**Q** 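So that we are looking at the same thing, I have put the structure below in C-alpha cells.
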Amino acid sequence: MAGIQVAYANEFNPKFAAYHAANFHHPDGTPVVSIKPIQEVTKEEIIAALQKSYGDSNVDIMWGGPPCQDYTRLNTSRVTEGSASRNGLVMEFLTKVSLLNPQVAVMEEVEDFIRDEVHFPLFLKACKRMNYVVNYKVMCALNYEGNSIRRRAIFIFTRKNLCKMPVFPKSIPEGRKMCGEFLDIESYTSGHFEDRLRFANEPMTTVTSGSPARFFKNGVARKPTIRELMLCQSLDPDSYKLPKGHSYSISRKVMGNGVPTKMAYNIFKTINEQILSPVNKTIVITNAIPSSNNTKK
C-alpha cells in the first residue's frame, strides 16, 4: 500500500511464520520469511537473499517488532531478566540495524517499554552510539485510521548522512471509527484488567491474544471470529490470506500481536514521501507479524 516491497523477514515460531509466508513473497513466488532465532540470522544471509531475488543488496528500510510479552503489564507472568526473558531482543534489533545499515529503521514496542527503568535507558544509550538520528513517539492506532485504540511506542531511525530528522505521520481525526461501524455487534467485553461492558458507539479496545473477549448481540454472547479480529486490526480479510490447518487460538495470537495495518501504512507512507528519495524501496522485517499489505517493489 505504501509502495514498498517486503524483501526479507524473520520469525522464530513456524506456526506464526506461516501467516507471513502466505502473504509476502519474492517475485518468483517463494516466501520472504526465514524461520530461526533472530540471533542466528547473519548479514551475509540477508544480503545473499536480496541479491538473488532483486540484484541489489541495499536495504532502504528495516522494520522490527521485538517480542513485547516481558515488557507489557498485561502479562502478569512476565520474565524481566535472565536467559528466559525476551527483553534483550530490542538490543538485537539495534545490532541488526548496525549490520545492515539501512537508510531508515523503524521499531515498534509496547508503551510499557519506555517506562522500563532498566532496559530503556540501556537502549537509549546504545542508540546514541549509532550512526543514526533516533526519535520515538507513542502512537494510538485509532488516530491513524486504525480500528482500535492500540497504543505503541514507535521508534524511527534516520541515517545521519541523509541529513533528515525522523518524521511521524500526522494524526487523522476524521479517520477515527467506533467499533459498531465495522462490526455487527451491540456491545463487547475486553477481558483486560479493568473490564466492563463496552458498546458499539465506543472504540475497539487494544487487540491481544485474548481481547476482545466476548461480543454480544440480541442477548447472545460469543467469541470474536478471526475475520472480525482482522477488522479490529484494520486488516483487510478479503486480501489477507490465512494459512490452512491452523487453530483459532494460533490465529488469535497472530492477530493480537500484529501492528494495525492502517497505522503501519501511514508510518511507511510518511517515510517514503518525506525521508527517502522517490525510488523503489525494499524492506527487511524482523519478528514478522501482519503489519501492512505490500504491492510492488
Side-chain angles (χ1 to χ4, degrees), residues 9-13 16 36-43 61-102 104-141 148-160 165-168 190-194 205-211 253-254 256-260 263-264 267 284-289 291:
N10 171 260
E11 169 55 47
F12 171 71
N13 189 313
F16 301 155
K36 62 172 65 176
I38 186 63
Q39 298 93 328
E40 296 179 7
V41 176
T42 65
K43 174 183 177 180
I61 306 175
M62 180 174 169
W63 165 278
C68 65
Q69 291 91 338
D70 291 333
Y71 284 120
T72 177
R73 64 183 181 87
L74 292 176
N75 180 12
T76 56
S77 60
R78 61 186 181 272
V79 180
T80 60
E81 300 292 343
S83 59
S85 174
R86 289 161 286 192
N87 285 344
L89 290 175
V90 295
M91 305 302 287
E92 184 64 29
F93 174 77
L94 297 184
T95 297
K96 290 297 187 287
V97 171
S98 296
L99 287 173
L100 292 170
N101 196 34
V104 178
V106 184
M107 192 187 86
E108 172 265 350
E109 191 51 89
V110 290
E111 188 178 2
D112 291 324
F113 171 58
I114 63 176
R115 302 190 187 100
D116 188 288
E117 296 180 355
V118 176
H119 298 92
F120 187 55
L122 293 174
F123 178 84
L124 291 181
K125 186 176 181 180
C127 287
K128 291 180 180 179
R129 296 195 297 265
M130 299 173 67
N131 187 34
Y132 287 86
V133 180
V134 185
N135 201 357
Y136 67 92
K137 179 179 181 178
V138 175
M139 299 176 64
C140 175
S148 72
I149 58 174
R150 189 183 189 97
R151 293 170 61 86
R152 287 294 182 267
I154 303 297
F155 296 78
I156 297 181
F157 302 64
T158 57
R159 209 163 61 197
K160 289 181 178 178
M165 294 293 293
V167 179
F168 294 85
S190 69
H192 291 162
F193 295 135
E194 299 176 359
T205 185
T206 299
V207 179
T208 68
S209 59
S211 182
K253 288 180 180 179
V254 170
N257 282 286
V259 178
M263 185 171 78
I267 291 171
V284 167
I285 294 183
T286 61
N287 300 100
I289 48 181
S291 58

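As a basis for the values below, the full set of heavy atoms in this structure was taken, side chains included, without hydrogen atoms, waters or symmetry mates. Since the structure is predicted, the reported quantities are computational estimates derived from the model, not experimental observations.
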**Q** Applying side chain to side chain contact (heavy atoms under 4.5 Å, CB included) to M62 and V106, what does each step give before you reach the verdict?
**A** CA-CA 6 Å; M62 180 174 169; V106 184; over 6 Å; no
**Q** Measuring from I267:CD1 to M139:CE, what's the distance to the nearest 0.5 Å?
**A**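 Those atoms lie 4.0 Å apart.
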**Q** Measure across A153 and I114 and return the closest heavy-atom pair with its distance rounded to 0.1 Å.
**A**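 What the structure gives for the nearest pair is CB-CG2, 4.0 Å.
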**Q** Rounded to the nearest 0.5 Å, what separates atom CH2 in W63 from atom CD1 in I154?
**A** 5.0 Å
**Q** Which distance, rounded to the nearest 0.5 Å, do you find between the CZ of F93 and the CZ of F123?
**A** 7.0 Å
**Q** Donor-acceptor check, side chain of R159 to backbone of N101, threshold 3.5 angstrom: yes or no?
**A** yes
**Q** Any idea which heavy atoms bring N10 and P37 closest together, and the distance?
**A** OD1-C, 4.4 Å
**Q** Determine whether a donor-acceptor pair (N or O, by modelled atom type, separation under 3.5 Å) exists between the side chain of S98 and the backbone of L94.
**A**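 A pair under 3.5 Å: yes.
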**Q** Return the minimal non-hydrogen interatomic distance between T206 and R150, and the atom names on each side.
**A** OG1-CA, 3.6 Å
**Q** Quick check on the 6.0 Å ring-centre criterion: do Y136 and F157 meet it?
**A** no
**Q** Assess whether side chain to side chain contact (heavy atoms under 4.5 Å, CB included) is satisfied between V97 and Y132, documenting all intermediate values.
**A** CA-CA 10 Å; V97 171; Y132 287 86; 3.7 Å; yes
**Q** Measuring from L89:CG to E109:CD, what's the distance to the nearest 0.5 Å?
**A**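 Taking CG in L89 and CD in E109, the distance rounds to 9.5 Å.
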**Q** Tell me, do F120 and V90 make a side-chain contact under 4.5 Å, heavy atoms counted?
**A** no
**Q** Please round to the nearest 0.5 Å and tell me the distance separating atom CZ of F113 and atom NE2 of H119.
**A**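 Taking CZ in F113 and NE2 in H119, the distance rounds to 8.5 Å.
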**Q** Between C140 and M263, which heavy-atom pair has the shortest distance, and what is it?
**A**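 It is C-SD, 4.1 Å.
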**Q** Is there a donor-acceptor pair under 3.5 Å between the side chain of K137 and the backbone N or O of R152?
**A**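 It does not hold such a pair.
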**Q** Looking only at heavy atoms, which two atoms of T205 and S211 are closest? And how far apart?
**A** CG2-OG, 3.4 Å
**Q** Any idea which heavy atoms bring P166 and I156 closest together, and the distance?
**A**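 Nearest heavy atoms, P166 then I156: CG-O, 3.4 Å.
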